[in-house]
Novice: 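Below is a structure I'd like to ask you about.
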2 protein chains.
Amino acid sequence: MASSNNHSSTRTNTRSSTVSRILDAAENLFAQHGFAETSLRSITSQAGVNLAAVNYHFGSKKELIQAVFTRFLDPFCQRLSERLDEFENRGKNEQPTLEDMLHLLVDEMTAVPHSTAQLETFMRLLALAYNQTQGHLKKYLELTYRDVFERYMKLLIGAAPTMPAVEIYWRINFILGASLFTMSEAPTLQAIAERDYGIQEPLESVMRRMVPFMAAGMRSGQVQLGQALQQD
Amino acid sequence: MASSNNHSSTRTNTRSSTVSRILDAAENLFAQHGFAETSLRSITSQAGVNLAAVNYHFGSKKELIQAVFTRFLDPFCQRLSERLDEFENRGKNEQPTLEDMLHLLVDEMTAVPHSTAQLETFMRLLALAYNQTQGHLKKYLELTYRDVFERYMKLLIGAAPTMPAVEIYWRINFILGASLFTMSEAPTLQAIAERDYGIQEPLESVMRRMVPFMAAGMRSGQVQLGQALQQD
DNA sequence: TGTACATCAGTGAACGCGCGTTCACTGATGTAC
DNA sequence: TGTACATCAGTGAACGCGCGTTCACTGATGTAC
């Protein structure tokens, strides 16, 4: 059934809402229960379509999972790539700072989804994908989006303070982990924050909170002459 | 079958190696493939025991999963609790620092497992457990280990710099996320570090790298009179 | 304009498979008298 | 010391269930002549 997969892009009648209904339902159910724990029956019944429609339109459950990610990541990487073009073309003395690079990600992640709820949902999916140990999904994502990822990393390393490359490497992973966790657990964490501190804030605001934390972590141990107290 | 579960602790003949063989196999396979993706058949065949032995000794797959966590977390929390006693009894002017509190966790986590490999395995399991959305596991862990967790948090907050409580709350979650991610992905990340930078280091060393990063992140934006450059 | 055919989205029912769990059973060990 | 019984760990085979996938089919729409 892999060949019939092509129809959905060649024949993009807006009436083929079945495809997007399936994607919507899959996105939410996967985020709530995980990939293995979500059955095609629960997806198709929530979407109000026939069970066989998933295999008809996507070929298999695997390919449906990939399609859910593609729908978010394609426009995200497209936008990110354009912003990276601009950064790369800047002169030597107007290179982006660490904070610029971090805010850039927040900007583009919040730009793609239709709602805050959808952003939270997708962050959960990203974290789930990362936690998959030996699945097809991780390989698929690495392969598909490697180019943009590597361009971003190059600029980020350029903005990082001078220190051994391996130290930068580890700190970038600390940042990545903090982001994935915070955003994928956002709804839970926000609820606790509201209950315990009475403070209600949108996900984007939480993401902005991460920037000074991460920038300071990256710069830790680095002697900053004259600018020790103005770094965020 | 829940009642037959009690035997394994009352009758602790060392010959009941079936139980620990099952736990060993389950620990590794769960970490490699996730809970839902690991069948009892694969666990029992790797352990070299009969399929029905899991239900006989543990009652159900759910309870096996919980037992895997208990085996690590019980001694860990026991040790941690004793260290917390000591910290809590200290005088006002010898309170533990942020770094003390972070190193404390590293100390006790590395003390429990038999090998580095087992530590990595267990960190994967912890991250998997956290990523479970609405499972029995998260509730079970929260309920069972809440007390020690809350005592640790109280001391950590006491060691944190003066800033709005909600800011501390978010930053602690950033730390938690960075830790879970780094440690659960440790084998992969270590392999990349060795390939790209030729540096081979044990997991404990990576965990120690996190301490200054996190401490600096926690203190970001905080004015540090006179001690600005000696904080790690 | 009318007819024949091809293409497509979508359907209903069934398929085989692997899963967690159950159950009657065996054999070894410990205990009571 | 010997016998009867209870308790326990472990077993082999089967159970029913939910899963992803398949397949023959329908009906609507587009195209060729």
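Order of the sequence lines fixes the chain letters, A, B, ..., with proteins taken first and strands second; residue numbering starts at 1 for each chain.
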Novice: Between A/Phe181 and B/Phe181, does the ring centroid distance fall short of 6.0 Å?
Specialist: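 No - the distance between ring centres of A/Phe181 and B/Phe181 does not fall below the 6.0 Å cut-off.
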
Novice: Please determine, for the side chain of B/Lys61, which listed nucleotide (D/dG20, C/dT21, D/dC23) has the closest atom?
Specialist: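 It is C/dT21.
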
Novice: Pick the closest DNA chain C nucleotide for A/Gly48 and for B/Thr38 by heavy atoms, then say which residue is nearer the 5' end.
Specialist: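 It is A/Gly48, whose closest nucleotide lies nearer the 5' terminus.
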
Novice: Is there a donor-acceptor contact under 3.5 Å linking the side chains of A/Gln118 and A/Ser115?
Specialist: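 No, A/Ser115 and A/Gln118 have no side-chain donor paired with an acceptor closer than 3.5 Å.
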
Novice: Are B/Tyr56 and D/dA9 close enough that a side-chain N or O sits under 4.0 Å from OP1 or OP2?
Specialist: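 Yes, because at least one side-chain N or O of B/Tyr56 sits under 4.0 Å from OP1 or OP2 of D/dA9.
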
Novice: Can you find a side-chain donor-acceptor pair between A/Gln190 and A/Glu194 that sits under 3.5 Å?
Specialist: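 No, no side-chain donor-acceptor pair sits under 3.5 Å.
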
Novice: Looking for any heavy atom pair under 4.0 Å, which part of the strands does A/Ser42 touch: base, sugar-phosphate only, or nothing?
Specialist: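 No contact.
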
Novice: Between C/dT21, C/dG10, D/dT21, spot the one nearest the side chain of A/Asn55, thanks.
Specialist: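 It is D/dT21.
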
Novice: Looking at A/His57, I'd like to know whether one of its side-chain N or O atoms comes within less than 4.0 Å of OP1 or OP2 on C/dA9.
Specialist: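 Looking at the OP1 and OP2 atoms of C/dA9, neither is under 4.0 Å from any side-chain N or O of A/His57.
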
Novice: Mind running side-chain contact (heavy atoms from CB on, under 4.5 Å) on B/Thr144 and B/Phe69 for me, showing each step along the way?
Specialist: CA-CA 11 Å; B/Thr144 313; B/Phe69 280 84; over 6 Å; no

Novice: D/dG18, OP1 or OP2 - any side-chain N/O from A/Ser39 closer than 4.0 Å?
Specialist: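 Checking D/dG18 against A/Ser39, no side-chain N or O comes under 4.0 Å of OP1 or OP2.
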
Novice: Check the distance between C/dG20's C1' and B/Asn50's CG and give it to me in whole angstrom.
Specialist: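 To the nearest whole Å, that distance equals 14 Å.
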
Novice: Touch check for A/Thr44, heavy atoms < 4.0 angstrom, all strands: base, sugar-phosphate only, or nothing?
Specialist: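 Nothing, no heavy atom under 4.0 Å.
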
Novice: At under 4.0 Å, does any side-chain N or O of A/Thr18 touch on OP1 or OP2 of C/dA9?
Specialist: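 No.
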
Novice: Using a 3.5 Å limit on both pairing distances, list the dot-bracket string of DNA chain D from the 5' end; Watson-Crick and G-U wobble pairs count, crossing pairs take [ ], interstrand pairs take |.
Specialist: .||||||||||||||||||||||||||||||||

Novice: Please determine whether any donor N or O and acceptor N or O are separated by less than 3.5 Å between the side chain of B/Arg41 and the base of C/dG18.
Specialist: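 Checked by distance alone, the answer is no.
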
Novice: Measuring from the side chain of B/Leu40 (C-beta onward, heavy atoms only), which nucleotide among C/dT21, C/dA14, D/dT11 has the closest atom?
Specialist: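 Closest nucleotide to the B/Leu40 side chain: C/dT21.
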
Novice: With a 4.0 Å cut-off, would you call B/Glu27 and B/Arg71 a salt bridge?
Specialist: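 The answer is yes: the pair qualifies as a salt bridge.
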
Novice: With a 4.0 Å cut-off, would you call B/Arg83 and B/Asp107 a salt bridge?
Specialist: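 Judged by the 4.0 Å cut-off on N to carboxylate O distance, B/Arg83 and B/Asp107 do form a salt bridge.
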
Novice: Go through the structure and list residues passing side chain to side chain donor-acceptor pair (under 3.5 Å) with B/Ser81, not counting sequence neighbours.
Specialist: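 Testing B/Ser81 for side chain to side chain donor-acceptor pair (under 3.5 Å), a comparison that skips the adjacent residues, returns B/Arg151.
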
